[in-house]
Amino acid sequence: MNFIHVIKLSACVLTGLILVACGSEDSERLTAAREIANDRPDSAYVILKNIDFNGLKNNRDRAVFILTHALSNLYQERSLLTDTLLPEAMSYYKIAEDTTEYINSAIAYAHHLRASERKIEAQKLLDTLSVEMPAEIRKALNQELLSFSFEDKDYNNALHIIDRQILLATDKHERFSFQLKKIIPLLSLGREKEAVELCESLLSSPDSPEVGSNEWLNLRINYAAVLGENRETAPEATKILEDIIKRMGEETPVDLTEFYVPMVNLQINAGNLNEAEKFAGKIGINDADLAQEGPVKAAYLEFLQIVLDYERTGALSPRRLSTLAQSMRKVSDDLLMKRQERDEALETSYDLSRNNYELTIKHQRLWIIISFAILIVVCLSIFFIYIYRRRRQKLIEAEERIDTLENLLKSANNPASDEKQSLLKKLLLKQLGIIKTFVESPTSTNQEALRKISNIGNTGTPIDTLVKWEDLYSVIDELYDNFHANLCKNYPGVFSEREIQIISLIRSGFSTKEIGVIIQQTSNSIYVSKTSIRKKLGLQPKEDFMDVLSSTSNPSFDA
């Protein structure tokens, strides 16, 4: 295996380990938080607490974080005062042409503006967007504007927005729902007559809801509330509400208290004090713990009791009024305390989640360090194995060369050998440059081979002399009928010097291993050179180029 490839593979493995150790990507966690923000805003908020916003480089991730954070605050009824980056999210979603998220971020930004006491800007923002959007989106924006108007007690604007919604309604049920919402603003503006006319028109309309349906009951309840504003029409209102209570007879007593409390109010307005006391008593008989389940409703009932006593006696009780005021203040304080407790609980949950997240990060980092250490050990092991195998290969090649030299030596000293080859081999052994390599690696085996080699030929020849190819070519020409000279003459410029050396040695009877030792190249390099020689002669891979170079077609070559 190539060492560079080993390093690259190790780097890839390390990168994979780091990615796995890091767990879910921030973008995936942001997507999960956005998906649950509507239903579980507290959980979405916890997820966001575990993400470093400043570390987000992707514009999409930044936009998702900003919007999810704002919606989590909104749905938890927390202030959006700190969500100052919402314009960045709006800009991203507008460019990305994600209309849904663009509208969501715009609505959230409107809430931020209102939290910053910039109510007119919030109104203008949603009004401007409403003009540009399709009908369904305009209805959603109008609904937000309507809630703003009720919150600000701007009932004139509320009526204007409701009229816009009625024009956008696509069916009678939707139109009826919007018309019904006009009753409260009309009553709040003191326009009881218009409210009565509206209710009567809805009840007599061909599109009026079916008698007994929830829509019909809701309309009748609102009609009773409108009639109950005046003493003249209050008796009629009580009859309407009594009919509704009869229809709701199968409901539980707790549900009926929703009607008993307003019935007390209507009976007082109608002058039926005994009936008012009867329904007030029913609330006690039904044992509805209003102080726990509806403290505001309980305070309202207490106020009605004070009014009822005033109607009977003509005097107000300062003590009861003071107690009522204290009760209302306590309700307000309790609500504030509950909100603070909820916020503190959420913060505690966030802190615990953060601590757990940090602990998880520490474990992941430790795992990365351990994995990195293991990877380093593996890389070092691969490196040392590579070095060891390379050295072993070199030793094997050196041993093969020694064996080849010894065989060459035996062949040169063998009396039965061809005299020409024997003489040439002795000359090569005397000149061979590989002897220098043996001197540079003075192992006991090499020293023995050197002693044998040094006894061949003239004893005065130094062992570090390289092969003198000019002398060797002369000997080859002398022994093999000018083979080298004719080769250069018949194929001028065709073969490289190395290829000429190989061809000459093959003609002289040297084996591939012996040639490798002489020219100090591997057997594979020799085979590559042979392939190159065949291509230059236009021969097939299996054809012997020596047959061509030594063919009888060239009378100057020795067949």
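Note that the coordinates shown come from a computational prediction; the quantities given were computed from them, not determined experimentally.
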* Are Asp127 and Lys124 ion-paired here, with the side-chain N under 4.0 Å from a carboxylate O? ->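 A salt bridge is absent here (no side-chain N lies under 4.0 Å from a carboxylate O).
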
Does any N or O in the side chain of [X] come within less than 3.5 Å of the main-chain N or O of [Y], such that one atom is a donor and the other an acceptor?
X      : Y      : value
Arg138 : Ser130 : yes
Asn230 : Thr233 : no
Ser381 : Val377 : yes
Asp243 : Lys239 : no

* Measure centre to centre between the rings of Phe176 and His173, then say whether the value is under 6.0 Å. =>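 No, ring centres 6.0 Å or more apart.
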
* For the residue pair Asn104 and Glu101, confirm or rule out a side-chain donor-acceptor distance under 3.5 Å. =>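 Their side chains do contain a donor-acceptor pair, which is all the 3.5 Å distance test asks for.
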
* Looking only at side chains, do Asn218 and Asn222 share a donor and an acceptor under 3.5 Å apart? ->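 Yes, Asn222 and Asn218 have a side-chain donor paired with an acceptor closer than 3.5 Å.
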
* Is it true that atom CZ of Arg175 has more than 12 heavy atoms of other residues, nucleotides or ligands lying nearer than 6.0 Å? ->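 Yes.
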
* Asked: Would the number of heavy atoms belonging to other residues, nucleotides or ligands and lying under 6.0 Å from CD1 of Ile120 be above 12?
  ->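 No, not enclosed.
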
* Measure the OG1-CD distance between Thr238 and Glu236 for me, rounded to the nearest 0.5 Å. =>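 If we round to the nearest 0.5 Å, Thr238:OG1 and Glu236:CD are 9.0 Å apart.
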
* Asked: Picking from Ile47, Thr68, Leu48, Leu67, what satisfies side chain to side chain contact (heavy atoms under 4.5 Å, CB included) with Leu30?
  ->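 Among Ile47, Thr68, Leu48, Leu67, the one meeting side chain to side chain contact (heavy atoms under 4.5 Å, CB included) with Leu30 is Leu48.
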
* **Verdict with reasoning, Val226 to Leu187, per side chain to side chain contact (heavy atoms under 4.5 Å, CB included)** => CA-CA 7 Å; Val226 172; Leu187 287 178; 3.8 Å; yes

* Considering all heavy atoms, the nearest Ser72-Ala44 contact ->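 Ser72 and Ala44 have their closest heavy atoms at OG-CB, 3.7 Å.
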
